[in-house]
2 protein chains.
Amino acid sequence: MLERIHLEILTAIKEHGTLTKAADSLHLSQSALSHSIKKLEGQIDTPIWEKDGRNLRLTAAGERIQAFAARVLPQFLHTELLLGQIARGEAGSLRIGMECHPCYQWLLRVIQPYLEQWPGIDIDVKQEFQFGGIGALLSYEIDVLITPDPLFKPKIEYIPVFDYEHRLVVSNTHALAAQDCVLPEQLSEEVLFSYPVEEQRLDIFSQFLSPAKCSVKQHKIIETTEIMLQMVAVGRGVCALPGWLVDEYAKSMPIKSLRFGEQGIRKQIFVGIRKDERQVDHLNEFIEQAKKIT
Amino acid sequence: MLERIHLEILTAIKEHGTLTKAADSLHLSQSALSHSIKKLEGQIDTPIWEKDGRNLRLTAAGERIQAFAARVLPQFLHTELLLGQIARGEAGSLRIGMECHPCYQWLLRVIQPYLEQWPGIDIDVKQEFQFGGIGALLSYEIDVLITPDPLFKPKIEYIPVFDYEHRLVVSNTHALAAQDCVLPEQLSEEVLFSYPVEEQRLDIFSQFLSPAKCSVKQHKIIETTEIMLQMVAVGRGVCALPGWLVDEYAKSMPIKSLRFGEQGIRKQIFVGIRKDERQVDHLNEFIEQAKKIT
DNA sequence: TTGCTTAATGAATATGGTTCATCACTTAAG
DNA sequence: CTTAAGTGATGAACCATATTCATTAAGCAA
């Protein structure tokens with residue numbers, strides 16, 4: 001079988017000219033190399049080189065192996081380099097799972113400095129999970145989970161990274177815009193826009209409308225934040241989003257946000273990781289970075 | 001040092017699932033594989049897999065090696081095959097990949113004289129690729145790729161070998177048969193037959209119907225040219241094929257071809273080869289032969 | 001020639017790959 | 001809960017073989 005050592009020998013010969021020097025460069029004896037190739041020649045049933053006076057002259061087979069070695073050996077070196085980086089925690093991949101639609105904007109702000117700090121690490125963001133975010137985390141589909149629902153599991157640890165208030169968004173010209181907070185019954189004639197998520201997972205339903213046995217006139221699904229806010233801005237309906245996100249958009253759009261009820265809905269975002277990876281450097285650094293961004 | 005055996009082990013695990021089965025497939029003991037990897041882990045100073053219940057779960061390093069193996073091992077096999085051919089005094093083999101269904105007829109005309117000229121060379125034609133034709137070329141699954149889409153890659157070189165016009169085929173008795181060319185809207189009530197390829201890769205859609213925001217009444221899939229043309233001949237629908245191919249069949253079938261729109265759809269067929277094999281004699285000769293046949 | 005160089009070869013050696021037997025653990029079935 | 005079957009890890013013993021050593025044969029330059 002063609003082994004790495006054969007490739008090494010052929011390249012060393014190309015580089016140093018003679019078998020003896022090649023042997024020195026590989027910290028082996030000339031005899032070792034000779035035997036090594038002899039054995040391979042027996043296996044492939046064709047000579048690899050011939051003695052031409054004092055020098056070696058490669059046969060067609062030898063040329064082929066040499067060309068192959070030139071192409072493949074650098075890849076071995078590259079892979080080994082990469083493995084070294086992984087060993088030192090400098091490389092790897094971070095697969096982020098998101099269970100929080102509006103957090104995407106926030107995540108982008110976390111990722112940006114992180115990528116600069118860890119140039120060797122590839123980031124991948126996934127948003128759809130067959131068995132839920134926690135399932136994805138436990139089945140090693142993702143490495144960190146960003147979620148507002150820290151569902152307890154023995155093998156998972158959650159770290160709170162930031163909290164915010166969930167607020168109702170209305171157009172500046174909307175009847176409610178004058179108020180400071182909104183009551184459940186005041187939404188009964190409104191059109192509500194939301195991301196495509198089951199109603200029971202939307203806080204506006206589970207924590208505000210449903211407890212008061214209220215609902216909205218209509219519930220429409222929109223995938224992207226921008227479109228959703230544009231619809232709200234022109235008075236086509238209302239939506240519920242994190243306060244900080246609304247503040248951001250309110251700079252350039254005629255929109256305003258209201259507290260939900262007297263208390264407001266306070267939310268916390270958690271980063272979930274597998275407990276046995278609590279020590280991994282580039283994971284910890286991600287969490288630290290996440291805590292910094294507000 | 002990363003050795004071939006490690007690559008073999010990782011691929012065997014990917015293929016067979018467990019270490020024990022992987023060991024069987026390599027004709028080694030489970031223990032041998034375990035020790036082998038243990039040693040490598042010591043060298044690269046990072047674990048390659050972890051026991052997760054009854055199964056193995058690869059670490060980042062393990063994934064890396066597995067990916068590397070998938071890329072490199074086929075090249076080892078290819079080189080060994082080549083060495084075997086050299087040993088037997090054969091020039092080699094030519095594995096042709098086809099990404100152009102109707103070109104098959106043309107290819108047969110290229111191959112025929114080529115086989116006479118190079119009696120030692122075996123030809124194999126493949127038409128299905130897991131990672132696309134270019135992937136097959138880069139992974140040494142094939143040696144030349146015949147394609148209408150010369151997708152640029154630094155390690156691949158494309159040589160145009162012939163061009164032709166893509167034409168609409170209809171029965172002689174079809175209403176359109178009197179015309180010289182066809183307009184997009186004239187197809188809206190037609191049944192279209194095509195090879196099993198995604199619509200966006202069919203020129204009749206991407207270059208003719210879609211730009212005009214038109215479509216056909218129905219799109220049916222047929223695998224073979226002969227059946228497709230027979231269906232067209234009896235007036236069951238239309239299809240799109242190279243002009244020269246239609247001319248061939250038109251001798252014995254009641255069919256006729258029309259230009260697409262005023263301009264027609266002009267196509268070019270390329271032969272792609274790996275750049276580092278630009279010098280290989282029997283590859284060059286194939287390209288020369290391909291250029292000759294029209 | 002002679003001396004220096006090259007690679008090949010056979011035997012001895014030493015490395016290290018492989019197996020065997022066993023353990024620890026998980027999972028599924030009884 | 002207990003049992004049985006299946007998983008990979010581990011350490012010692014073994015054995016294959018890669019490597020070295022010593023030598024030979026041959027090319028090349030004085």
Side-chain angles (χ1 to χ4, degrees), chain A residues 1-59 61-63 65-66 69 135 138-140 153-155 274-276, chain B residues 1-59 61-63 65-66 69:
Chain A
M1 253 211 322
L2 195 54
E3 297 291 340
R4 180 171 179 174
I5 184 64
H6 303 124
L7 307 187
E8 302 275 9
I9 293 172
L10 270 286
T11 16
I13 284 176
K14 185 186 195 128
E15 195 173 339
H16 296 103
T18 76
L19 190 58
T20 308
K21 285 178 195 152
D24 285 345
S25 82
L26 294 173
H27 305 292
L28 287 170
S29 67
Q30 168 267 322
S31 176
L33 271 53
S34 186
H35 282 300
S36 229
I37 296 296
K38 254 281 121 56
K39 190 190 168 196
L40 179 62
E41 286 180 334
Q43 289 171 344
I44 65 174
D45 197 33
T46 191
I48 288 170
W49 62 53
E50 281 161 9
K51 275 199 79 165
D52 180 21
R54 242 195 251 205
N55 304 312
L56 296 178
R57 199 188 54 246
L58 296 193
T59 62
E63 298 272 5
I65 299 172
Q66 200 177 65
L138 286 172
S139 66
Y140 287 77
K153 290 272 172 183
K155 289 189 175 173
R274 289 178 289 271
K275 270 201 179 134
D276 56 357
Chain B
M1 250 208 328
L2 195 54
E3 296 290 342
R4 180 170 179 175
I5 185 65
H6 302 126
L7 307 187
E8 302 275 8
I9 293 173
L10 270 284
T11 20
I13 284 176
K14 185 189 196 125
E15 194 173 340
H16 297 100
T18 75
L19 190 59
T20 308
K21 285 178 197 152
D24 285 346
S25 83
L26 294 174
H27 305 293
L28 287 171
S29 69
Q30 170 269 133
S31 177
L33 269 56
S34 187
H35 283 298
S36 227
I37 295 296
K38 255 278 123 57
K39 188 190 170 196
L40 179 62
E41 286 180 335
Q43 289 171 347
I44 65 175
D45 197 34
T46 191
I48 288 170
W49 62 52
E50 280 163 9
K51 272 199 83 165
D52 180 21
R54 211 180 260 194
N55 303 314
L56 293 181
R57 200 187 51 249
L58 296 194
T59 62
E63 298 269 7
I65 298 173
Q66 200 177 64

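Every heavy atom of this structure was used, including side-chain atoms; hydrogens, water molecules and symmetry mates were not. Proteins come first, then strands; the chains are lettered A, B, ... in the order of their sequence lines, and each starts at number 1.
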task = Taking atom NZ of K275(A) as the centre, report whether more than 12 heavy atoms of other residues, nucleotides or ligands fall under 6.0 Å from it.
result = yes
ask   = What are the 5'-most and 3'-most nucleotides of DNA chain C lying under 4.0 Å from any heavy atom of chain A?
value = dT5(C) to dA11(C)
task = Could you tell me whether the side chain of S25(B) and the main chain of A22(B) form a donor-acceptor pair under 3.5 Å?
result = yes
inquiry  = When you compare the side chain of I13(A) with that of L33(A), does any pair of heavy atoms fall below 4.5 Å?
reply    = no
Interface with DNA chain D, restricted to residues 42-50 of chain B and to heavy atoms under 4.0 Å = W49(B)
request  = Identify the heavy atoms of G62(B) and L10(B) that sit nearest to each other, and give their distance.
outcome  = O-CD1, 3.7 Å
Atom pair distance, as rounded to whole Å: CG in L56(B) and C1' in dT7(D) = 8 Å
message = Test of understanding: with side chain to side chain donor-acceptor pair (under 3.5 Å), list the residues that count as partners of E8(B), not counting sequence neighbours.
response = R4(B)
message = So, applying side-chain contact (heavy atoms from CB on, under 4.5 Å) with L56(A), which one of I48(A), I37(A), L19(A), T18(A) is it?
response = L19(A)
inquiry  = Tell me the interatomic distance from N55(B), atom CG, to dA9(D), atom P, rounded to whole angstroms.
reply    = 12 Å
query = Is the closest side-chain heavy-atom distance between H35(A) and K39(A) below 4.5 Å?
reply = no
query = Would you find a donor on one side and an acceptor on the other, under 3.5 Å apart, between the side chain of T59(B) and the backbone of P47(B)?
reply = yes
ask   = Whole-Å distance between dA25(D) P and K51(A) NZ?
value = 13 Å
task = Quick one: list whatever passes salt bridge (charged side-chain N to carboxylate O under 4.0 Å, His left out) with E3(B), sequence neighbours left out.
result = none
key: Heavy-atom donor-acceptor pair, H6(B) side chain to L2(B) backbone, under 3.5 Å   = no
query = Can you list, by residue number, the residues of residues 15-23 of chain A that have a non-hydrogen atom closer than 4.0 angstrom to DNA chain C?
reply = T18(A), L19(A), T20(A)
query = Can you give one letter per nucleotide of nucleotides 15-22 of chain D, 5' to 3': B if a protein heavy atom sits under 4.0 Å from the base, S if only from the sugar-phosphate, - if neither?
reply = ---SBBB-
